[in-house]
A.B. asks: 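Pasting in a structure now, in structure tokens, and then I'll have a few things to ask.
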Amino acid sequence: MEPSYHACAACNYQRKKCAANCILRRHFPKGKTNVFNAVHKIFGVANVTKMLRAANSLADQDEIAKSLYWEALSWAKDPVRGPYGAHLQLEDEIRVLQERLLFLEKAERRPD
């Protein structure tokens, strides 16, 4: 008799039994339905499965799952620019911090 598994969020969404070798269970367990829904909305189950299967190790799979979730959240926050919007925001923050640093370095060099 096969051991019984709780359906992961992906299998639950697809209304199927979660097999022992379900590649999605590790990254989208039953309690992370909202994470799966966000990723599924952007990438789809088949594409997520393909990307996870292409990984060389479990650590790579973990990084892929985290990256997909981050990107899905980026698209949810900014439907027009998505991750590119986050990139632009970080570039602006870096520019502002570099300007502050330059200002402080100049102020430090000034004789009293």
A.B. asks: Once you measure the plane-to-plane angle for Phe28 and Phe36, does it fall in the parallel (<30°), tilted (30-60°) or perpendicular (>60°) bin?
C.D. replies: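 Perpendicular.
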A.B. asks: Got a second to check how far Trp75's CH2 is from Trp70's CH2, nearest 0.5 Å?
C.D. replies: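 Result: 10.0 Å between the selected atoms.
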A.B. asks: Arg26: which residues meet the salt bridge (charged side-chain N to carboxylate O under 4.0 Å, His left out) condition with it, sequence neighbours left out?
C.D. replies: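 Result, salt bridge (charged side-chain N to carboxylate O under 4.0 Å, His left out) vs Arg26: Asp62.
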A.B. asks: Examine distances only and state if a side-chain atom of Arg53 and a backbone atom of Val48 form a donor-acceptor pair shorter than 3.5 Å.
C.D. replies: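 Not confirmed, Arg53 side chain does not pair with Val48 backbone.
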A.B. asks: Working to the nearest 0.5 angstrom, can you tell me the gap between Asp78 CG and Gln89 CD?
C.D. replies: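 Answer rounded to 0.5 Å: 9.5 Å.
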A.B. asks: Check whether any side-chain heavy atom of Leu68 sits under 4.5 Å from a side-chain heavy atom of Ile64, and report yes or no.
C.D. replies: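 Yes - at least one pair of side-chain heavy atoms lies under 4.5 Å apart.
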A.B. asks: List, by chain and number, the other hydrophobic cluster members for Leu58, where Ile, Leu, Val, Met, Phe, Trp and Tyr join if side-chain heavy atoms come within less than 4.5 Å, directly or indirectly.
C.D. replies: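 Traced through the cluster, Leu58 reaches no other member.
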A.B. asks: Working to the nearest 0.5 Å, report the span between NZ of Lys32 and NE2 of His27.
C.D. replies: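 The NZ atom of Lys32 sits 10.0 Å away from the NE2 atom of His27.
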A.B. asks: Counting only heavy atoms not in Glu108 (residues, nucleotides, ligands), do more than 12 fall under 6.0 Å from its CD?
C.D. replies: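 No - once you tally the heavy atoms of other residues, nucleotides and ligands closer than 6.0 Å, there are 12 at most.
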A.B. asks: Search all heavy atoms of Leu52 against all heavy atoms of Ala65 and return the closest pair with its distance.
C.D. replies: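 Smallest interatomic distance, heavy atoms only, reads CD2-N, 4.4 Å.
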A.B. asks: Go through it in stages, so that I can follow the logic: the residues are Arg95 and Glu91, the test is salt bridge (Lys or Arg N to Asp or Glu O under 4.0 Å), and I'd like the CA-CA distance, side-chain angles, deciding distance and then a yes or no.
C.D. replies: CA-CA 6 Å; Arg95 183 186 45 75; Glu91 275 187 343; over 6 Å; no
A.B. asks: Say whether, by atom type as modelled, one donor and one acceptor occur between the side chain of Asn47 and the main chain of Phe43 under 3.5 angstrom.
C.D. replies: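 Confirmed, Asn47 side chain pairs with Phe43 backbone.
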A.B. asks: Which value, rounded to the nearest 0.5 Å, describes the distance between Ile42 atom CD1 and Leu73 atom CG?
C.D. replies: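 These two atoms lie 9.5 Å from each other.
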A.B. asks: Give the intermediate values and the outcome of side-chain contact (heavy atoms from CB on, under 4.5 Å) for residues Gln61 and Ile23.
C.D. replies: CA-CA 9 Å; Gln61 283 184 2; Ile23 195 166; 3.5 Å; yes
A.B. asks: So which heavy atom on Arg25 is nearest to which on Cys18, and how close?
C.D. replies: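 Nearest heavy atoms, Arg25 then Cys18: NE-SG, 3.5 Å.
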A.B. asks: Could you give me the CA-CA distance, side-chain angles and deciding distance for Thr49 and Val45, then say whether side-chain contact (heavy atoms from CB on, under 4.5 Å) is met?
C.D. replies: CA-CA 6 Å; Thr49 303; Val45 177; 4.0 Å; yes
A.B. asks: If you compare all heavy atoms of Cys11 against all heavy atoms of Lys17, which two are closest, and at what distance to 0.1 Å?
C.D. replies: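 Shortest heavy-atom separation between Cys11 and Lys17 comes out as SG-O, 4.1 Å.
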A.B. asks: Under 3.5 Å, side chain of Gln14 to main-chain N/O of Ala10, donor-acceptor pair present?
C.D. replies: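 Yes; at least one donor-acceptor contact below 3.5 Å.
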A.B. asks: Do Cys22 and Cys8 have side chains that get closer than 4.5 Å, going by heavy atoms?
C.D. replies: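 Sidechains of Cys8 and Cys22: in contact.
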